[in-house]
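Just below is one structure, and these are the notes that go with it.
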Amino acid sequence: MILVSFLFVPILAALLLLLIKDKKNAQWTAIIFSGITLVLACQMLCTNMVDFDKSWLPNLNSRFTLHADGLSKILILLTAISFPAIFIATAKNNFKQSNIFLSLMLFTQAGLMGVFMAGDALLFYFFWELALIPVYFLCSIWGGEKRIAITFKFFIYTFLGSLLMLVGILFLNAHTADHSFSMQSFLHANLTNGQQATGFVLFFIAFAIKMPLFPFHTWQPDTYEQSPTAVTMVMSAVMVKMGLYGILRWLLPLFPVAFMVHTHFMVVLSVIGILYASFIAIRQDDMKRFIAYSSIAHIGLMNAAIFTHTQIAIQGALIQLFSHGLNVLGLWIVADIIEQQTGTRSLQQMGGLAKKQPTLAILLVGFALANIAMPLTNAFVGEFLMFNGLFLLNPWMAAFAGVSVVLAAIYTLNMVQKVAYGEVSEKINTMQAPYKGAQAVLIVLLILVFATGVYPQPLFTLTADTLQQLFVK
Amino acid sequence: MGIMKILIAFILLWPLAGFLFNGLGRNYWSKKVIAYKATGYIVASFIASIFAFMYVQDHGAVTVHYFDFINAASIKIPFDFKVDALSALFLLVITGVGSLIHLYSSAYMKEEAAPHYARYFSYLNLFIFSMLVLVLGDNYVVMFIGWEGVGLCSYLLIGYWFTNGNYNYAAKKAFIMNRIGDLGFLLAIFWIIVKLGSVNYSEVLTADSLAKLSSADITGITLLLFVGAMGKSAQIPLFTWLPDAMAGPTPVSALIHAATMVTAGIYMITRSNLLFSHSELTQHVIAIIGISTALLAATIAIKQNDIKKVLAYSTVSQLGYMFLGLGVGAYSGAVFHVITHAFFKALLFLGAGSVIHAMHHEQDIRKMGGLKSKLPITHITFLIGCIAIAGVPPFSGFFSKDEILAAAFAKSPIYWVLGVIGAAMTAFYMFRLYTTTFLGKFRGTADQENHLHESPLAMTLPLILLAIASALAGAIGIPEIMGGHHWLSHQLIPIVGEPIELGLSHSLEWTLIAVSVGIALVALLWAIAIYKKKTDEAPNTVVGNFFYHKWRIDELYNEAIVYPLNRFAGFLKNTIEKHVIDGAVNGAGKLIQYSARKVRLTQNGQVGYYILFMVTGIIVLFLLWFNDVPIFIFFNKLTQN
Amino acid sequence: MNAIIVSTLLGVIMMFCSWGIKSNQVQKNIALIGLLILIVANVAQLNGWLVINYDTKGMLKFNQFGLYTNTLLFALTFIYVWINGEEISKLSNTPADFYSLFFFILCGVSVLTSFDNLLMLFIGIEILSIPLYILTGADKKNMFSNEAALKYFLMGSFSTGILLLGITFIYGATGTFLMADPVVNKVTGMAQEQVMLSAGLILLFAAMNFKVSAAPFHFWTPDVYDGAPTVFTSFMATIAKAAAFVAFINVFGSQYKALAYSWTILLTFVILATLLVGNIIAVFQRSVKRMLAYSSIAQAGFMLFALYGKTDITNEAILLYAVVYSIATIGIFAVLIKMKENSFESFNGLSKAHPLLAFVTTVFLFSLAGIPLTGGFFAKYYMLSALVKAGAGLWLVMVAVVFAAISIYYYFKIVQAMYFATGESALGALPKNYAYKLLALAILLLVLGVFPNLLLNYLYF
Amino acid sequence: MSIQYYIFFCLTLFSIGVVGVLTRRNAIIVFMCIELMLNAVNLLLVAFSKMYNGMSMQNGAVSMAGIDAQIFVFFIMVVAAAEVSIGLAIIVMMYRNTHSIDVNFLNRLKN
Amino acid sequence: MNLLEIIFYALSVFALVCAIMVLVSKNPIHSVLWLILVFFAISGHYILLNAQFLAIVNIIVYAGAIMVLFLFVIMLMNVKKDSEPQKQLFVKFIGVIAGGSFLTLLISLVKQSIPLVGKTVLLKEGSIGLINPLGKALFTDYVVPFEISSVLFLSAMVGAVLIGKK
């Protein structure tokens with residue numbers, strides 16, 4: 001039942017928000033309801049009975065099944081943390097019709113929650129799209145100058161991917177014994193190797209576009225650049241995890257043979273993607289695009305780790321899903337504060353933040369350290385395990401991917417240098433102290449970053465059951 | 001056990017507490033409070049370290065377990081700390097020298113505003129914490145945590161004056177070069193995990209695990225570890241960051257870039273000596289790179305005019321020596337040199353700091369001169385440091401350097417010859433520095449001359465203490481032929497084993513000592529003779545120019561690595577990303593638009609054509625239905641799967 | 001049977017209404033009541049009650065599917081008239097004539113859903129077509145309407161010729177027009193023995209493709225939909241088309257096996273051509289009305305999947321698709337009618353001028369594009385599922401979804417205009433409650449988007 | 001008389017109709033050509049009817065086989081008549097507006 | 001070759017020639033007249049097939065009513081022979097090619113059809129084409145379509161009124 005509330009509470013709030021015209025009230029409503037979700041998510045961590053099953057489409061043999069294991073829980077937690085954080089941090093941003101904005105955001109949250117819980121393929125597809133559509137409107141209405149064309153490209157691109165996944169679901173459905181969509185019967189579908197390969201490709205494209213994996217990534221920097229930052233935060237902190245979640249939840253268990261066949265190819269592709277994105281990040285001048293490419297590199301590493309199919313690497317990826325979300329969220333909030341106050345995203349025009357707003361600069365450096373996976377930040381734990389798994393698969397692969405560790409240092413420190421250090425630039429000079437709420441959120445996030453970096457054991461415990469399921473067979 | 005758990009926690013947490021208090025309270029506390037706190041915490045840590053050292057003397061090595069850092073998916077990495085003879089020694093050096101430098105800094109940094117003053121000390125405290133984690137860790141991952149931590153602190157401190165773009169650049173360069181090394185270290189850790197399933201010293205550094213590793217494994221692991229050490233300890237080819245790191249405040253250079261952090265590589269290799277001893281190849285590589293670095297840096301140091309640059313290259317050179325020692329198997333000699341070097345190099349840097357302080361941030365030695373009388377304490381202590389580093393007996397540098405040279409000779413006389421040349425150059429450039437700075441006439445501006453003053457007690461006291469240490473530290477390692485019993489190497493037996501029998505006769509050893517000391521003395525006197533009268537102007541010989549420009553290695557790196565990579569990144573960004581990948585996506589859209597424009601022409605508005613198309617359509621349907629039409633076979637194949 | 005009789009009677013009544021009753025509103029209400037009666041009559045037959053129990057001698061056969069389809073199509077007509085009544089009145093002084101034509105068309109629909117003889121197919125198609133020719137040309141002063149009517153008429157007659165030639169060939173091969181007596185069984189054996197029958201079926205196939213506007217027989221569609229008065233375009237694109245599809249399935253659902261293997265190839269060719277032409281040309285359009293015409297071709301391509309092979313979900317698929325597509329199309333045309341012009345620009349800024357209307361339009365477009373949470377998703381889903389279950393190659397399904405993705409492009413151009421573009425919308429005056437009527441339709445689509453079972457369960461009661 | 005000759009003849013007639021539709025621009029003549037096509041079909045149907053009638057007569061008794069095709073022809077004529085009335089009405093209407101009955105004149109609706 | 005066959009060929013050739021003349025006549029009125037001749041030829045065929053009812057209906061309905069309607073319309077519009085602009089030669093050529101290939105295709109199919117080999121058409125005999133059996137069939141078995149086709153007429157009537165009135 002608690003799982004249903006993750007859908008129910010955001011949707012209720014979203015509908016309620018349509019009626020609340022006043023900006024302040026709307027914001028409070030959004031914050032309170034997303035706060036309730038967060039509380040529920042914390043409660044969920046302590047409970048074990050977390051399945052929900054109801055009849056939905058008897059003609060199609062599709063059921064309304066929700067299920068949460070460690071993998072789901074950790075992502076639900078991430079989603080639950082992200083939304084209140086985003087609402088608080090961006091509360092001072094000016095949006096026309098902010099109630100509609102928040103309402104759409106909450107719909108997105110419901111969709112994301114659904115994706116992470118769905119135990120039925122058709123339901124999964126439903127939520128997958130539910131998470132996408134509000135984002136389309138959010139970006140197109142409240143985004144930057146070129147928002148319409150860019151968002152449209154993003155929408156069609158991802159929609160095409162998910163349609164192919166739908167074909168894959170149909171294909172699997174046709175091969176199950178009882179023609180149902182449940183995870184269980186999908187798992188028991190007897191597929192030949194060729195069929196596995198077909199299904200694998202169909203699912204994978206959807207996930208790869210969502211992640212996004214090189215070379216399917218070109219929608220991402222543009223979209224991140226053009227979207228309102230609150231939406232970008234959702235996209236890069238939570239939405240990109242949908243792809244990785246999909247791989248762990250569906251691709252890996254359903255097509256084990258095809259998965260193993262593609263291991264090396266995918267790892268090589270991911271590693272190329274990591275290096276490629278890192279190199280481009282070095283040359284980015286736009287703060288948002290910078291974070292986008294850095295994110296592509298990190299996601300690529302997670303993908304590579306998952307495809308090594310080693311326990312160590314997948315364990316690393318499991319907790320990195322969470323860690324990366326927090327880190328990138330922090331970076332976005334800092335970027336947003338700077339952009340809102342100075343009106344620029346160009347790194348060239350920044351500088352001297354450390355002098356003008358030292359607290360913000362410290363926070364920025366904190367998240368930048370997490371971005372380059374300094375030890376004792378949460379990212380180190382995940383990346384350490386992932387690289388270790390890569391090394392287990394192939395030492396050379398780990399070495400090549402490891403170059404990204406150096407490249408990450410280069411591009412992140414470049415960014416930090418341009419933003420925080422040097423003489424105070426004209427733009428930065430206009431900056432006021434950041435809004436207290438945003439600052440508080442950043443501090444909480446930073447504490448989380450270091451807390452889970454020093455003592456990540458709870459995250460391991462949380463995801464242990466998923467890991468076991470993946471490797472028990 | 002129980003008491004050690006608390007003690008080690010004390011050692012570690014005091015600096016961390018200092019970091020947090022100073023960092024968070026930087027806007028609230030006065031400079032005095034900040035300085036007292038920061039220094040006090042390190043002194044407290046030093047005292048605790050002394051207790052720990054004594055405990056180890058009595059009870060041997062101790063390992064304490066706090067909690068598991070990573071315990072998942074078949075690997076287990078605990079937060080374990082270990083105090084044994086090696087780490088205890090390092091503890092003392094770090095906290096001891098660290099305390100002095102904190103004290104020194106409290107005066108040196110006085111001009112800074114309170115928040116920045118606090119920031120400085122919090123960084124410094126964090127550095128001590130990281131360094132302690134590095135040496136105390138009982139496994140490679142914890143060492144790596146400290147390893148990266150000190151890199152970070154180094155970055156922060158080099159870029160302490162963050163409004164200066166060049167300083168930031170230097171800081172970034174330091175961090176990135178360290179990262180390259182760290183990558184090697186990381187890969188080595190993975191290799192160890194993959195082969196041995198553990199990273200704990202107690203399980204990796206045993207005879208059992210050696211049996212599990214093939215010789216290729218050992219060579220690979222040790223080479224990768226050495227790559228890590230290269231980055232941290234500024235060896236060829238990753239040494240260029242260290243001279244640039246002089247952008248930081250001088251006490252930082254003394255603490256981090258001379259006494260402690262840069263010796264982490266030596267610590268790590270000494271710690272893993274069991275593995276290194278089993279790879280002949282690695283040992284040779286280390287020795288060759290070590291001696292090359294020593295000579296290269298020495299040649300550069302001869303031509304530098306910036307007081308800190310000279311000391312920096314000298315540090316690189318001395319680190320090279322230490323690696324030579326490691327390469328030839330003289331682990332205890334290397335550690336010995338680390339300790340003595342920590343004292344005299346810290347002393348030299350602090351002395352330089354004192355000079356700079358007096359000279360109002362003038363660092364060019366050509367504009368100094370004749371400071372002997374104006375800065376008496378600084379002068380004396382600096383001279384002691386110079387003598388110590390030049391290897392003149394009975395100062396500490398002589399003993400440690402000699403031990404390395406003896407071992408080098410035993411391995412190969414060529415190493416020894418090169419080592420002696422290096423030692424001579426060291427003596428030469430150090431006394432060039434000393435002479436130009438302190439002797440002769442004052443060459444600075446009148447304004448500077450009027451303000452020349454001896455530094456306050458907080459700065460001179462550390463100088464004096466370090467000078468005493470530099471002079472006397474040799475006592476812990478007096479070799480047996482001189483009647484000592486080499487306390488240090490006995491201390492280190494649990495770590496590096498019994499000292500290797502060099503197999504050199506006493507007379508030969510004495511000869512070697514005599515030759516090396518003799519050459520060093522000649523070089524020393526020669527330097528004084530030359531530079532007493534004149535200063536080095538811009539070099540005019542080709543070789544001199546070459547040395548003056550640091551072998552143009554920075555330029556080489558820029559041309560060969562940085563620019564091409566930058567160009568490559570630009571190529572990826574502007575060409576591949578924009579035109580190839582995004583071009584393909586947009587091209588698909590354009591293709592649809594284009595075909596829309598073409599296909600719509602079939603709809604030309606004339607009934608006759610429409611019906612014509614329909615008739616054609618029917619004919620096509622019939623043709624498709626005929627079995628022998630090729631298109632049929634095509635569709636046939638498509639639909640079959 | 002009930003439906004045929006009642007609809008004819010109602011048609012005649014409406015004919016005379018135009019003399020007796022002058023008020024447009026009353027005429028519309030009579031038509032609505034008539035439609036309710038028609039629905040009731042039809043449901044009565046579903047429950048086994050007949051006005052006249054007459055042996056049709058193998059001409060008509062009433063089954064669950066056909067009758068249920070009737071009910072749905074009548075209901076759609078009801079919705080159509082309910083929403084568009086005012087607009088119909090604008091086209092003539094005597095709108096009752098149009099209503100009577102609608103009833104005659106519904107008679108044709110009833111025939112097409114239940115024919116069991118090729119003669120009835122022919123008559124049914126003609127009853128459906130002839131009123132449509134007239135409706136197309138209803139705007140007499142409008143040159144476009146004239147042109148559309150003439151084009152439709154000439155091409156329709158030509159296709160009738162093809163249809164008849166096909167039927168003749170089938171008769172020549174089998175000696176019967178009966179459907180109940182499967183013609184397939186009469187001719188067995190070698191492929192060469194089936195030549196005559198196959199030729200007939202191919203010709204019949206071509207003619208039916210014409211009626212459902214599948215490529216390469218689609219050419220009339222854009223011009224006619226564009227030229228006809230918008231209200232009638234809405235009717236043609238929905239109810240008439242759905243009926244034609246049901247007829248198509250009735251013919252080929254059971255007979256296609258004579259073509260055996262090559263059937264799939266012909267169908268694949270037509271589907272691919274239809275999807276290509278519909279989707280690709282729609283991308284180019286500047287006029288919403290014309291875009292919708294092409295989109296209707298594209299949707300026909302999807303509906304053709306139902307013909308791929310008769311499986312248990314084919315019926316569900318075609319019904320759901322027809323209903324959902326029709327609702328969405330009626331809705332979007334109803335919005336379009338109220339625009340002063342047909343261009344995409346006229347939708348600019350509609351979200352500000354009339355948020356509710358913009359919202360319902362979005363729902364209709366989403367449904368047409370097949371986006372989840374709207375009925376259109378399940379419609380497309382069922383079709384793809386039918387295709388997979390019929391054993392079609394997965395590549396065809398993939399091509400279909402690629403085209404579905406392309407269709408997003410042109411549908412979303414309207415969404416973009418409404419929500420993101422700035423400018424004044426060219427929205428004309430709206431009658432009272434108009435937007436709420438459309439909202440009801442939108443809610444219907446949303447409900448079907450989550451619980452398509454509500455519609456489909458009745459197929460099996 | 002072999003059925004094939006009838007088929008050939010009727011198909012030829014039908015095709016002449018098709019060619020007429022394709023080549024003429026006068027709407028009325030196009031329409032007439034469509035009528036020609038229908039007539040060809042009619043004749044073919046009657047021929048088939050007589051073929052089946054003949055086939056069943058061979059087996060003996062007087063048979064009504066094939067009568068359905070003749071009925072069909074009857075219906076075709078009926079429908080054709082209805083169609084002609086509508087068609088001519090449309091053509092006249094169009095002529096009233098444009099004073100032309102050229103089908104190619106009508107190409108405002110395109111693309 | 002017996003008489004019936006000679007009549008068949010004669011009528012066929014006559015019909016084809018007239019049909020072609022429909023196409024090639026420049027003057028629409030001439031086309032109508034040629035078409036009437038085609039209908040007569042076809043009626044001749046019906047008589048040959050002993051389908052008397054259809055033959056008469058064909059003459060009355062087609063040649064009589066429908067064609068007269070055509071004539072009226074043409075005269076009403078006063079369409080002169082040069083009022084129809086000629087299509088380009090190329091278009092004509094394409095049209096002929098398309099029609100020709102359509103014909104060739106169907107004929108080749110018919111030739112392949114094995115069941116048709118040896119089947120003959122009953123000429124001059126058989127009673128099914130007479131009014132009596134046809135009438136019986138029409139009002140017994142075919143009464144449903146007969147009634148339903150009335151709807152067609154009703155709609156055509158309404159339509160003609162709708163379109164025809166000003």
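A note on names: the letters A, B, ... follow the listed sequences, proteins ahead of strands, and every chain is numbered from 1. Note: hydrogens, waters and symmetry copies are ignored here, and every other heavy atom, side chains too, is used.
Ring geometry for C:Tyr225 against C:Trp220 counts as perpendicular: the plane angle is over 60°, on a 0 to 90° scale with 30° as the lower cut. Ring geometry for D:Tyr52 against D:Phe48 counts as tilted: the plane angle lies between 30° and 60°, on a 0 to 90° scale.
Between chain C and the residues D:Asp68, D:Ile71, D:Ile76, the largest count of heavy-atom pairs under 4.5 Å involves D:Asp68. When D:Met93, D:Met37, D:Met51 are compared by the number of non-hydrogen pairs under 4.5 Å with chain C, D:Met93 comes out ahead. Chain C forms more heavy-atom pairs under 4.5 Å with one residue of D:Ile3, D:Asn42, D:Leu11 than with any other, namely D:Leu11.
A donor-acceptor contact closer than 3.5 angstrom links the side chains of C:Lys289 and C:Thr230. Remark: the C:Ser100 side chain and the C:Asp97 side chain contain no N/O donor-acceptor pair separated by less than 3.5 Å.
Only the side chain of C:Phe122 has a heavy atom closer than 4.5 Å to any heavy atom of chain D. Contacts of D:Leu45 with chain C are made by both backbone and side-chain atoms, with heavy-atom separations under 4.5 Å. Neither the backbone nor the side chain of C:Phe219 has a heavy atom closer than 4.5 Å to any heavy atom of chain D. With a 4.5 Å cut-off on non-hydrogen atoms, D:Leu44 touches chain C through its backbone and its side chain both. Residue contact with chain D, scored on non-hydrogen atoms closer than 4.5 Å, involves the side chain of C:Glu126 exclusively. The contact between C:Ile167 and chain D is made entirely by side chain atoms (from C-beta outward), counting heavy-atom distances below 4.5 Å. Interface residue C:Phe158: backbone and side-chain heavy atoms are both found under 4.5 Å from chain D.
In this structure, C:Tyr171 OH and D:Ser49 OG are separated by 5.5 Å, a value rounded to the nearest 0.5 Å. The distance from the CG atom of D:Leu43 to the CG atom of D:Leu38 is 13.0 Å, given to the nearest 0.5 Å.
Within a 6.0 Å radius of CZ in D:Phe8, other residues, nucleotides and ligands contribute more than 12 heavy atoms.
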